[in-house]
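Here's the structure, in structure tokens; my notes come after.
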Amino acid sequence: MFDIQNIRAQFPILTQTVNGKPLVYLDNGATSQKPISVLNAWQKYYTEINANVHRGIHTLSQLATEEMEISRKKVQNFINAKNDFEVIFTKGTTEGLNLIAYAMTDLIKENDEIIISYLEHHSNIVPWQLLCERTGAKLKVIPMDVNGVLQLDFLEKNLSEKTKLVSFNQVSNALGVINPIEKIIEITRKNSAALIVVDGAQSVPHFKIDVQQMDCDFFVFSGHKMYAPMGTGILYGKEEILRKIQPFHGGGEMIATCSFEKTTYADLPFKFEAGTPNVGGNIALGAAIDFMANIGHENIQTHENALLEYAQKKLLEIEGLKIYGENAKRTGVVSFNLEGIGIASDVGMILDKLGIAVRTGHHCTQPIMEFFNIAGTVRASFAVYNTFDEIDILAEGVRKAQKMLS
């Protein structure tokens, strides 16, 4: 049974008031709130275990190591990776993408090509630009149409033996558009030997992931958008590729042997996990996976899709409101503006006075904003604990903002 009140009761922060109004938290695309089970897992580590991992023979170190490796196994099952050592703990999606881009330096040469899409977050643009600057490679961009739908004929025409990497998100953080990753991967595999990187930051909170069925080479995501603490994330990579590429960070934990003459690297996954990890956060990430599993992926997706449909219906009843990507297949996000109101942040500030938390601005996707010739949007993004009543409150708040700003 899907019990929304029981789910909401697990999130203490949702009971508070903001500016004298009950909190309506609709900024989940930026970060989700954390359930009691996740907070307890994090606290238990620091109050009962708190020791470094993989380095000590004493009991607390052994316990910490065991708990973090259990969490790695949970992530493996969560994304259906073939091996647990293909799961690398990171600080988040951005670090995962930068790790790949840095590690690819020796595999990319001048005039090679990297393809990304128009729908990318800056974290899936800038690392590849930096890689191109280091190597002389060229960056190509899959265009989109007015609905935010990628034009895949461009991909098919531009793939060649020069294409070394194709990187794209599964879900757009700015528009909520669900990209046809199966088709993108099929086209890429048919026309090139390029490595495929999938940014799953905005997809893992909403639906089930299967990296083996997907057949991507890398998959990256953040914990804090899926009910886990900030500073947690995952890089999945196929074993044969992880063994080939160079590590991103050097230091403790990632070495097999170290001398002033030469260092050899540890086996996977530790080759890419230099230094003391976020042990408490990584353990709590496993608790977040348990929380989602207890609700069920199908239940989460069904509820959030219903929220999206209802939100779009209610908001489009407001005269002069435009939703970006309205006619595309989407999840979790409604991104909109009001006609005649040029600054989205003005709407956001009024909504905040009403206790409604939304995101405004360019959402780290300035190319998308330039495509639509706007400075930014108001973005309401949903999680499993949001309700239809909250959407009614949002719609009424937008009407008030429109009246005040017109």
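The shown structure was predicted, so the numbers you read here are calculated from the model rather than taken from an experiment.
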**OP:** Run the numbers on Val220 and Ile100 for side chain to side chain contact (heavy atoms under 4.5 Å, CB included), then give the verdict.
**Re:** CA-CA 10 Å; Val220 293; Ile100 299 165; 4.1 Å; yes
Subject >> Check against side chain to side chain contact (heavy atoms under 4.5 Å, CB included), Leu150 and Ile184 >> reply: CA-CA 10 Å; Leu150 295 180; Ile184 294 172; 4.2 Å; yes
**OP:** Go through the steps for Val334 and Leu308 under the test side chain to side chain contact (heavy atoms under 4.5 Å, CB included), then give the verdict.
**Re:** CA-CA 7 Å; Val334 176; Leu308 176 61; 3.5 Å; yes
**OP:** Evaluate the side chain to side chain donor-acceptor pair (under 3.5 Å) criterion for residues Asn111 and Lys138: first the C-alpha distance (whole Å), next the side-chain angles of each, then the deciding distance (0.1 Å), finally the verdict.
**Re:** CA-CA 6 Å; Asn111 294 321; Lys138 308 236 176 334; 2.9 Å; yes
**OP:** Let me see the working for Ser117 and Glu120 under side chain to side chain donor-acceptor pair (under 3.5 Å), right down to the final yes or no.
**Re:** CA-CA 6 Å; Ser117 92; Glu120 302 312 314; 2.4 Å; yes
Original post:
Gln202 and Lys225: side chain to side chain contact (heavy atoms under 4.5 Å, CB included), yes or no, with the steps?
Top reply: CA-CA 7 Å; Gln202 297 292 334; Lys225 298 179 191 291; 3.6 Å; yes
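Remark: Glu261 engages Ser259 in a side-chain contact (heavy atoms from CB on, under 4.5 Å) (not counting sequence neighbours).
Between Phe382 and Ala311 the shortest heavy-atom distance is CZ-CB, 3.6 Å. Ala287 approaches Val38 most closely through the heavy-atom pair C-CG2, 3.9 Å. Here the shortest heavy-atom pairing between His303 and Phe388 reads CE1-CE1, 4.4 Å. Across all non-hydrogen atoms, the minimal contact from Thr105 to Thr135 is O-CG2, 3.8 Å. Nearest heavy-atom pair, His249 versus Met254, reported as atom, atom and distance to 0.1 Å: O-CE, 3.6 Å. When all heavy atoms are compared, the tightest approach of Ser123 to Leu97 is O-CD1, 3.2 Å.
Under a 3.5 Å cut-off, the side chain of Thr65 and the backbone N or O of His54 do form a donor-acceptor pair. No donor-acceptor distance shorter than 3.5 angstrom exists from the side chain of Lys190 to the backbone of Glu156, with no hydrogens or angles considered. A donor-acceptor pair under 3.5 Å is absent between the side-chain atoms of Asn98 and the main chain of Pro127, judged by distance alone. No donor-acceptor distance shorter than 3.5 angstrom exists from the side chain of His297 to the backbone of Ile209, with no hydrogens or angles considered. Not a single donor-acceptor pair under 3.5 Å links the side chain of Tyr310 to the backbone N or O of Asn305. Using modelled atom types, one side-chain atom of Glu273 and one backbone atom of Phe89 make a donor-acceptor pair closer than 3.5 Å. Side-chain atoms of Lys91 never come within 3.5 Å of backbone atoms of Gly231 as a donor-acceptor pair (strictly under, hydrogens ignored). The main-chain N or O of Gly92 is never found under 3.5 Å from a side-chain atom of Ser222 such that the two would form a donor-acceptor pair. A donor-acceptor contact shorter than 3.5 Å links the side chain of Asp145 to the backbone of Asn147. Proximity of a side-chain donor or acceptor of Ser71 to a complementary backbone N or O of Asn282 within less than 3.5 Å is detected.
Counting non-hydrogen atoms of other residues, nucleotides and ligands closer than 6.0 Å to CD of Glu339 gives a total of 12 or fewer. Enclosure of atom CZ in Phe154 by more than 12 non-hydrogen atoms of other residues, nucleotides or ligands within 6.0 angstrom is indicated. Around CD1 of Ile343, the count of heavy atoms belonging to other residues, nucleotides or ligands within 6.0 Å does not exceed 12. Within 6.0 Å of the CD atom in Gln16, the count of heavy atoms belonging to other residues, nucleotides or ligands exceeds 12. Around atom CD of Gln43, no more than 12 heavy atoms belonging to other residues, nucleotides or ligands sit under 6.0 Å away. By the neighbour-count criterion of 12 heavy atoms within 6.0 Å, atom NZ of Lys208 is densely surrounded, having more than that number from other residues, nucleotides or ligands. Within 6.0 Å of CD in Gln212 there are more than 12 heavy atoms belonging to other residues, nucleotides or ligands.
Pairs engaging residues 210-223 under the salt bridge (Lys or Arg N to Asp or Glu O under 4.0 Å) rule: Arg189-Asp215, Arg189-Asp217, Asp215-Lys238, Asp217-Lys238 [sequence neighbours left out].
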Side-chain polar contacts of residues 393-402 - donor-acceptor pairs under 3.5 angstrom, sequence neighbours left out - could you list them?
from: Gln402; atom 1: NE2; to: Glu319; atom 2: O; distance (Å): 2.7

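With rounding to the nearest 0.5 Å, the separation of CD1 in Ile178 from NZ in Lys329 is 5.0 Å. One distance of note links CZ of Phe219 with CG of Asn80; it measures 12.0 Å at 0.5 Å rounding. We find the CE-CG distance between Met144 and Leu175 to be 6.0 Å, quoted to the nearest 0.5 Å. Note that OG of Ser335 is 8.5 Å distant from CD1 of Ile368, once rounded to the nearest 0.5 Å. Here the straight-line distance linking atom CD of Glu48 with atom CG of Leu63 works out to 10.0 Å at 0.5 Å rounding. Within the model, atoms CD1 of Ile115 and NZ of Lys162 stand 12.0 Å from one another, a figure rounded to the nearest 0.5 Å.
Note: Phe291 and Phe11 meet the aromatic proximity criterion, with ring centroids under 6.0 Å apart.
Between Tyr385 and Tyr25, the ring-plane angle classifies as tilted under the 30° and 60° cut-offs. Ring orientation note: the planes of Phe371 and Tyr118 are nearly perpendicular, at an angle over 60° on the 30°/60° scale.
A cation-pi arrangement is absent between Lys74 and Phe78 under the rule of less than 6.0 angstrom and at most 45 degrees off the ring axis.
A donor atom on one side chain and an acceptor atom on the other are found under 3.5 Å apart for Thr264 and Thr257. Side-chain polar atoms of Thr163 and Ser192 form no donor-acceptor pair below 3.5 angstrom. Between Thr232 and Asn278, the side chains place no donor N or O within less than 3.5 Å of an acceptor N or O (distance only, hydrogens not considered). There is a side-chain donor-acceptor pair under 3.5 Å between Asn6 and Gln10.
Residues Phe336 and Val358 are not in side-chain contact: their nearest non-hydrogen atoms beyond the backbone lie 4.5 Å or more apart. Looking at Thr377 and Met369, their side chains come closer than 4.5 Å, going by heavy atoms from C-beta outward. Under the 4.5 Å side-chain criterion, counting only non-hydrogen atoms from C-beta, Arg379 is in contact with Asp27. Put simply, the side chain of Asp267 does not reach to within 4.5 Å of the side chain of Phe85, judged on heavy atoms. Inter-residue side-chain proximity for Glu86 and Val211 is flagged as unmet; no heavy-atom pair is nearer than 4.5 Å.
Ion pairing of Glu317 with Lys313 is present here, as a side-chain N (NZ or NE/NH1/NH2) and a carboxylate O approach within less than 4.0 Å. In summary, Arg72 and Glu69 engage in a salt bridge, as defined by a charged side-chain N under 4.0 Å from a carboxylate O. Salt-bridge annotation for Arg243 and Glu239: present, with a side-chain N of the basic residue lying under 4.0 Å from a carboxylate O of the acidic one.
Screening Asn179, Thr93, Asp199, Thr365 for a side chain to side chain donor-acceptor pair (under 3.5 Å) with Asn169, the sole residue that qualifies is Asn179.
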